[in-house]
Structures are given as structure tokens and as C-alpha cells.
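Everything on this sheet refers to the single structure shown next.
These numbers come from the heavy atoms of this one structure, side chains and all, not from hydrogens, waters or symmetry mates. Computed from a predicted model, the values in this text were never measured in an experiment.
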Amino acid sequence: MLLTRRHTVTLLAFLPVQALATTAVAQGRDVWTAAEALEALLRDRIRMLDIRSSEEWQETGVAQGAWPVSLHDERFPERLFAAQDLAETRAVALICATGGRSGAVMTNLRKSGYDSFIDVSEGMLGSRQGPGWIKAGLPIVTAQEAISALPSTLKL
């Protein structure tokens, strides 16, 4: 049985952050490198959410073009699907620090039948999937710049 969007929002809302943050291995074409995500952002083919905490955004900055929407926010599921609506026909890429959180969210989304999401599994800091956004030298903006650029429907 596929869950409806409302059920998925409810399911994601009640999962503790620790459960979502466990390591999960994303499979197949849903996994992109940071460089692929940047190219798609520049070509307006995807939207991207940085799902790390606000403290992490402050420490490292946010990938240029990404919308900072923290997994730790109690409204995360609502904001995730609002981002999907804003993306229209584009996929929504998820990036975290090292791919654990984005992979776990992707696993839950796939189990619920959602296929318009992408996992940038090397993350901002790198993982065994690759060097990560920062080490690859890809463009970064400050947390404040990224938060200021959020569409109004994604703001807290």
C-alpha cells in the first residue's frame, strides 16, 4: 500500500531525528555527486535542500542555490513537500553533511512511493561517495544569505 502525501508527512513528523539520521545506502540513479547537483542547479533542472542543522550552516555555509530546510525542524515534512511543490517538474535533491541523513530520508521517501527526490550522498563534508561540496571547491554562501533567499512558503 502506498502512503498518501498526508500520511507520509505524518510518518516523517513522528520519526525521531535519530531514526532518520541512521546510515542508509541510497541506490541507483537517485544518487548524485555534488558536482552533478551543482551542474543541475545551474541549469535549473533541480532544486536542492540542505537538511543539516542551523549550527552546521553557520559553521560551513550552505551550497549556493540550496534552500536551508533543517531535518531538525518540527515542520520538516511540511517544508519538504512545499519544496517539492515549488520545484514543479524538477527533482528535489537532498544534501546533509556526509550522506547519512539524506540517505535515511530518501529511504523513507522511496518506501512511501516518492521518486522525485535525489540524494547528494557525498554531502557537504565528503563521504566514501566523494569529497563533498566543500572539498570539491563548489560555491558556498553564508547561512544568512541562504536563509534570506528562501521562498516565502519555506520560511519558518
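Between L41 and M48 there is a side-chain heavy-atom pair separated by less than 4.5 Å. Looking at E122 and W32, their side chains never come closer than 4.5 Å, going by heavy atoms from C-beta outward. With a 4.5 Å cut-off on side-chain heavy atoms, D119 and D30 do not count as touching. No side-chain heavy atom of W133 sits less than 4.5 Å from a side-chain heavy atom of L125. Counting heavy atoms from C-beta outward, V105 and L71 have side chains that approach closer than 4.5 Å. Annotation: side chain of I140 is not in contact with side chain of Q64 (no heavy-atom distance under 4.5 Å). Side-chain contact check for C96 versus M124: every heavy-atom pair is 4.5 Å or farther apart. Considering only heavy atoms from C-beta on, L86 comes within 4.5 Å of T153 through its side chain.
For the atom pair CG (L154) and CD (E78), the distance works out to 10.0 Å, reported to the nearest 0.5 Å. The CG atom of D73 sits 9.5 Å away from atom OG of S54, with the distance rounded to the nearest 0.5 Å. Annotation: the span from L49 atom CG to L80 atom CG amounts to 6.5 Å, rounded to 0.5 Å. Within the model, atoms CE of M106 and CG of L94 stand 6.5 Å from one another, a figure rounded to the nearest 0.5 Å.
The shortest heavy-atom contact between A34 and G132 is CB-C, 4.3 Å. In plain terms, the two heavy atoms of A37 and V120 that are nearest each other are CB-CG2, 3.8 Å. S53 and R101 make their closest contact through N-NH1, 4.2 Å (heavy atoms, listed as atom of the first residue, atom of the second, distance). Looking at every heavy atom in both residues, W67 comes nearest to A149 through NE1-O, 4.5 Å. Looking at every heavy atom in both residues, A66 comes nearest to A146 through O-CB, 4.3 Å.
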inquiry  = side-chain contact (heavy atoms from CB on, under 4.5 Å) for S102 and I95? Distances and angles first, verdict last.
reply    = CA-CA 6 Å; S102 61; I95 192 167; 5.9 Å; no

request  = Report the C-alpha distance between T60 and I134 in whole Å, list the side-chain angles of each, state the deciding distance to 0.1 Å, and finish with yes or no for side-chain contact (heavy atoms from CB on, under 4.5 Å).
outcome  = CA-CA 8 Å; T60 66; I134 295 169; 3.6 Å; yes

ask   = Passes side-chain contact (heavy atoms from CB on, under 4.5 Å), R110 versus F117? Steps please.
value = CA-CA 9 Å; R110 277 193 213 102; F117 292 90; over 6 Å; no

inquiry  = Could you walk me through whether I118 and I46 satisfy the side-chain contact (heavy atoms from CB on, under 4.5 Å) test, starting with their C-alpha distance in whole Å, then the side-chain angles of each, then the deciding distance to 0.1 Å, before giving a yes or no?
reply    = CA-CA 9 Å; I118 296 163; I46 65 168; 3.9 Å; yes

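Ring pair F76/F81: centre-to-centre distance not below 6.0 Å.
Within 6.0 Å of NZ in K155 there are more than 12 heavy atoms belonging to other residues, nucleotides or ligands. For R45, the CZ atom sits in a loose shell: 12 or fewer heavy atoms of surrounding residues, nucleotides or ligands are nearer than 6.0 Å.
Side-chain polar atoms of S148 and Q144 form a donor-acceptor pair below 3.5 angstrom. Between the side chains of Q129 and T33, no donor-acceptor pair of N or O atoms lies under 3.5 Å.
In this structure, D50 pairs ionically with R52, as a charged nitrogen and a carboxylate oxygen lie closer than 4.0 Å. Taking a cutoff of 4.0 Å between a charged side-chain nitrogen and a carboxylate oxygen, R90 and D44 qualify as a salt bridge.
In this structure a side-chain-to-backbone donor-acceptor pair under 3.5 Å is missing from E39 to E36. Formation of a donor-acceptor pair under 3.5 Å by the S70 side chain with backbone atoms of H72 is found in this model.
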